[in-house]
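A quick write-up on the structure given underneath.
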Amino acid sequence: MAKLIWDAVGAKEFELGVDHGVLYPATNEGYDVGVPWNGLVSVTESPEGAEPTDLYADNIKYGVLISAETLKLTIEHYATPVEFYPCDGLVVQDGVMITGQPRQSFGLVYRTKIGNDLTPESGYKLHLVYGCKAGVAEKGYNTINDSPEAIVFSREVSTLPVVLEDGRITAQLIIDSRTADAAGLAALEDLLFGTADSDPELIDPDEVLRMVLLQAIVAPATVSKETGNTPADTQQFTCKNKNNIDIPCTWSLEDGAKSSISSDGLLTIAADETVGDLTVTATPLDIHVAPETAVVTITAGT
């Protein structure tokens, strides 16, 4: 047991700022190429719902039901990307804007910084928001005077959640750079923000999870065993993530193998197993973590 310590050095964390805003207009196939949202002032997240309803039975409080939760945003910005015009109900023809048209959906990505008492930028959170639909924005045009101010546009945004492969429903993913797999996060940002050879794109949440979640590691990776031994050889396999934490998995062998593997990863190599490579596959129960394989090399017995 350890005694709790409040406000320890390096533990005084805070969040601030918003940057790296990217707009992805929706298409019938997903989302169009992303464009930078310059002049982004703030993004306010305002979840709604999750309202409790008390249930009573036998003259006592029996339980509590919670209503569905939805995500709403308020976006404030100086500049409006031209790609956002259809999302704002504008159709542009030869410099003429026709207002009040159907509003196109869009996706949005932005970063918020994380700091602490030792460093103001210890990391950041990457926010990916799906199924956004913008409401109308009030615009106040004032005369220029001795204290001019640029217009800050403010608009309410609702979201339509998407269904993940495992059945969960969400409109937003938040990735913490301090704990996410560095290689996976770097690859994801190359997709979201683009590279010299590729356009920025917003992939669906399941693909994001596959890229960023810590991948499984099967140990040992390669083991040599001889055939013809009596009794049969055994080898214990484990499946862990990069933080050395066990990952629940199911285990399997390639078709035609004479050997067997138990549900906890114990491989029993048959004495007459075919000489060659025997592939062991660990399939994590979390569908967003890719299966991993190990190879057992079977050689002729002495």
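Side chains are part of it too, since the values below use all heavy atoms of this structure and drop only hydrogens, waters and symmetry mates.
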Review point. Looking just at side-chain N and O atoms, do Thr279 and Glu254 make a donor-acceptor pair shorter than 3.5 Å?
Key: yes

Is a salt bridge present between [X] and [Y], judged by a nitrogen-to-oxygen distance below 4.0 Å?
X: Asp7; Y: Lys12; result: no
X: Lys240; Y: Asp246; result: yes
X: Arg111; Y: Glu189; result: no

How about [X] and [Y]: do any of their side-chain heavy atoms sit closer than 4.5 Å?
X: Val157; Y: Val129; value: no
X: Leu160; Y: Lys133; value: no
X: Val33; Y: Pro200; value: yes
X: Ile75; Y: Trp37; value: yes
X: Glu138; Y: Ile151; value: no

Check your understanding: Which of these, Glu15, Glu121, Glu13, sits in a salt bridge (charged side-chain N to carboxylate O under 4.0 Å, His left out) with Lys113?
Key -> Glu121

With rounding to the nearest 0.5 angstrom, report the [atom1] to [atom2] distance, [X] to [Y].
X: Asp264; Y: Cys249; atom1: CG; atom2: SG; result: 12.0 Å
X: Gln235; Y: Leu278; atom1: CD; atom2: CG; result: 11.5 Å
X: Leu202; Y: Leu108; atom1: CG; atom2: CG; result: 9.5 Å
X: Glu76; Y: Arg155; atom1: CD; atom2: CZ; result: 11.0 Å
X: Leu253; Y: Ile269; atom1: CG; atom2: CD1; result: 9.5 Å
X: Lys125; Y: Ile175; atom1: NZ; atom2: CD1; result: 12.0 Å

Point to revise | Partner of Phe106 under ring-ring contact (aromatic ring centres under 6.0 Å, His included), chosen from Tyr31, Phe84, Tyr85 | key: Phe84

Check your understanding: Going only through I, L, V, M, F, W and Y residues with side-chain contacts under 4.5 Å, is there a path from Leu23 to Val18?
Key -> yes

Exercise for review: I would like to know whether Ser158 and Thr70 meet side-chain contact (heavy atoms from CB on, under 4.5 Å); could you show each step before the answer?
Suggested key: CA-CA 8 Å; Ser158 59; Thr70 60; over 6 Å; no

Check your understanding: Phe237 vs Trp251 aromatic rings, parallel, tilted or perpendicular, using cut-offs 30° and 60°?
Key -> tilted

Practice item. Apply the side chain to side chain contact (heavy atoms under 4.5 Å, CB included) test between Leu192 and each candidate in Leu128, Val22, Val208; give the one that qualifies. Key: Leu128

Check your understanding: Where do Thr195 and Ser198 land on the side-chain hydrogen bond (donor to acceptor under 3.5 Å, both in side chains) test, with the steps shown first?
Key -> CA-CA 5 Å; Thr195 67; Ser198 62; 2.8 Å; yes

Check your understanding: Is it true that atom CG of Leu118 has more than 12 heavy atoms of other residues, nucleotides or ligands lying nearer than 6.0 Å?
Key -> yes

